[in-house]
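To keep things clear, I will list the structure first and then write my remarks on it.
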2 protein chains.
Amino acid sequence: MNDKRQDKVTITEVAKRAGVSTATAGRALGGYGYSRKEIKARVKQAAEELGYRPNLLARGLITGKTKTIGVVAGDIQSPFYASILRGVADVTRAAGFGILLTNSDERIELELEAVQLLREKQIDGLIIAPSDLSDSAHLQAAILDGCPVVLIDRAIRNLAADAVCVDNREASRDCVARLTAAGHRRIGLVAELERWNGGNVADFLAAVASGRVDSSTLFPSWQRLYGYIDALRDAGIPVDPDLIGRVGLYSGEGARKETQRLLDLPNRPTALFSADGLMSAAAMGIITSLDLQIPRDLSLICFDDLDWMSFLKPGIAAVVQPLTEMGEAAARLVLSRIDGNEGPNQRLALRPRFAERGSIAAPPSL
Amino acid sequence: MNDKRQDKVTITEVAKRAGVSTATAGRALGGYGYSRKEIKARVKQAAEELGYRPNLLARGLITGKTKTIGVVAGDIQSPFYASILRGVADVTRAAGFGILLTNSDERIELELEAVQLLREKQIDGLIIAPSDLSDSAHLQAAILDGCPVVLIDRAIRNLAADAVCVDNREASRDCVARLTAAGHRRIGLVAELERWNGGNVADFLAAVASGRVDSSTLFPSWQRLYGYIDALRDAGIPVDPDLIGRVGLYSGEGARKETQRLLDLPNRPTALFSADGLMSAAAMGIITSLDLQIPRDLSLICFDDLDWMSFLKPGIAAVVQPLTEMGEAAARLVLSRIDGNEGPNQRLALRPRFAERGSIAAPPSL
DNA sequence: TTGTATGCGTTATCAT
DNA sequence: ATGATAACGCATACAA
């Protein structure tokens, strides 16, 4: 009965079997142009019988649209990107779009390759977590060529792209303020702090002090450092550079080292703020290995909520980013651009939630 | 200098600028056919100057190959699929392939839609975690049409597809044997146990007893139940159906309920075996909320290693599936088929690692 | 409402 | 080694 052989069945054969031209067959099946419903039924039946499936390559070649969006994630394996991706996938699927996925490993060379491949595959739009906030010619080119770009997690100055982020600086300030409110004055920070104009932490502190830093186009970890500085200033506490753990490369190993260093300090911090998921896991490992009791010996607050934080005893307070919502928003933005929306670029700053748990107490010596 | 306007530059314009035919330009750029290196250089320069990028739709239309593989995952958001995807992405990228990603939510209707879309987009191969082990006509059709399929995490009987799994039954038997060796006789199991020929646990136990179950083509959670039964039999312990927590739908809520039920049992189990990551997180939550001390009050062993298991005190023993390796293997298999490999179908069973940690002790009452 | 003819951008075929 | 030309499968302009 069913003919589903090696030979692909094209619209030509459907047309032949239905006794109409290919143009008519196309109209009947593709839902464009006009066609009598009698004919439409006949064509559809023929298509059914032959097991016809349109070749979207051919369609895309002529329409100039592929109904596919490209996604460049830093590391698909991390819960951060996985959740964002989930949001993107849900929204795009509902709109009948496919998603072409690539990893950049946060490296600009890989990102360049990825974007090129995606564009050669003629994606209709691009969602990307850019690896480099200054080198964005490839994104600029995409936009100029009519391929809308939506940035996620980070924004780039002077780029005509929409962006979906959270207000890292404010969320971070809020976190650290909770610690100062509890009485802490020596608060350690464990953060990536890579990639800021090639500058180091001291340079950054100076630049912030002189007010010449645009926090909205920093990498997230620098924004979080900014919020940390804000909170200390609000509380009248001077910033001690020794308490800023700069992990540099994004690795668990580096995070463990910096955490260890902070907790080995002669005048050890009484609270720790870890600036992302990877840092938090590493910090927690060290804390456990040192047999420190939270919050008796050390208060802890984390950016990014990981599942274990809610069922440890006590739970670990955390900033919960609305990750799938970010992915959904990014997808909606890019679809809207593809749809022809020409409005001004949006820079969405979604509000993270704060999960208050039992990891914050007054410092030990008080 | 750089012309990167709205108008796309095609091979025709490159050919014109280089003073050759489109055929020659194609050969010079595409790396097929013959062309003098003098000409090749001239064409390449012209391409460079114009910022030429090939249109992979057009190429795919004529070659019949898109250098794209489709992936159907259950839920991209879960660490399980995220890690597998990472492995797939690494291998495919190295081979110059893109990946088109979709979610099935483990629902056959969504899977059918997804596979159809992917095939219309003319993927060269498919990697899929099938939602239904009996309804596989769409996969059969793909294979017949020359689109190789690689199953992941689950195998389907009588389907000419390669598969990459782990030996769930054996790994599970090993886990439970560690518990019986420690002296446990009442061991609770928390597992999904959905989708087995529409049958329930009692039916399954009967079928196993009569030896008419092919464990290699069961859903993983049923394979793990099989291994649980194996271990009990080896230890001469009768299976108590009350100790088998069947979550049914794949949800944290359901898992919490079943765990709660098991731990509320009048003759409470002295050890728990949770059959996957979601179950483990749920079980851990309940255990924590009941203030049970591991392993003093309860021994625990988990299938799937989650990051918190290694830094809780004590750590939680777990079966570590080689997830990225599974993804890599699946990708290599599908690429090899695309490459023309016609050998017999492979059914890879990768060996999981066991992470021995402090969550196993002798039962309390001993 | 339908059919004819043309084109999308590339590779394949076959002369030369 | 190169060029003219025909595909690939579909959508679109235009004529009928």
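Worth saying up front: this structure is predicted, and the values here are computed from it rather than measured. Below, read A as the first sequence line, B as the second, and so on, with proteins coming before strands; counting in each chain starts at 1.
Heavy atoms of B:Ile39 sit under 4.0 angstrom from primed sugar atoms or phosphate atoms, though from no base atom.
Picking from C:dT2, D:dT2, D:dT5 the nucleotide with the shortest atom distance to the side chain of B:Tyr34 gives D:dT2. You'll find that the side chain of B:Ala23 is closest to D:dT5, out of C:dT10, D:dC10, D:dT5. Distances were taken from every side-chain heavy atom of B:Thr12 (C-beta onward) to each of C:dT10, C:dT2, D:dT12; the shortest belongs to C:dT10. Distance from the side chain of B:Thr10 is smallest for C:dT10 among the nucleotides D:dC10, C:dT10, C:dT2.
Side chain of A:Ser35 to backbone of A:Lys40: no donor-acceptor contact under 3.5 angstrom is found. Between the side chain of B:Asp105 and the backbone N or O of B:Arg107 there is no donor-acceptor pair closer than 3.5 Å.
OP1 or OP2 of C:dT10 lies within a sub-4.0 Å distance of a side-chain N or O belonging to B:Tyr52. In this model, the phosphate group of C:dT1 is not approached by any side-chain N or O of A:Ser35 to a distance below 4.0 Å at OP1 or OP2. Put simply, B:Tyr32 has no side-chain N or O that comes within less than 4.0 Å of OP1 or OP2 on C:dA12. Remark: A:Arg36 is not in phosphate contact with C:dT1, judged by side-chain N or O atoms under 4.0 Å from OP1 or OP2.
In this structure, the CD atom of B:Glu38 is 13 Å from the P atom of D:dA1, given to the nearest Å. With rounding to whole Å, B:Arg27 atom CZ is found 10 Å from C:dT13 atom C1'. Per the geometry, CD1 belonging to A:Ile11 stands 12 Å off P belonging to D:dG9, to the nearest Å. Between the P atom of D:dC10 and the CG atom of B:Leu61 lies a distance of 9 Å, rounded to the nearest Å. One can place NZ of A:Lys121 at 18 Å from P of C:dG9, the figure rounded to the nearest angstrom. The nearest whole Å value for the distance from the CD atom in B:Gln122 to the P atom in D:dG9 is 9 Å. Spacing between atom CG of A:Leu56 and atom C1' of C:dC8 amounts to 15 Å, rounded to whole angstrom units. Taking atom CZ of B:Arg53 as the reference point, atom C1' of C:dT10 lies 16 Å away to the nearest angstrom.
A side-chain N or O of A:Lys121 and one of B:Thr68 form a donor-acceptor pair less than 3.5 Å apart. Side-chain atoms of B:Glu106 and B:Ser131 include no donor-acceptor pair closer than 3.5 Å.
In terms of position along DNA chain D, the nucleotide closest to B:Ala25 lies nearer the 5' end than the nucleotide closest to the other residue of the pair B:Ala58 and B:Ala25. In terms of position on DNA chain C, the residue among B:Gly26 and A:Ser21 whose nearest nucleotide sits closer to the 5' end is A:Ser21.
Looking at A:Asp162 and A:Val334, their side chains never come closer than 4.5 Å, going by heavy atoms from C-beta outward.
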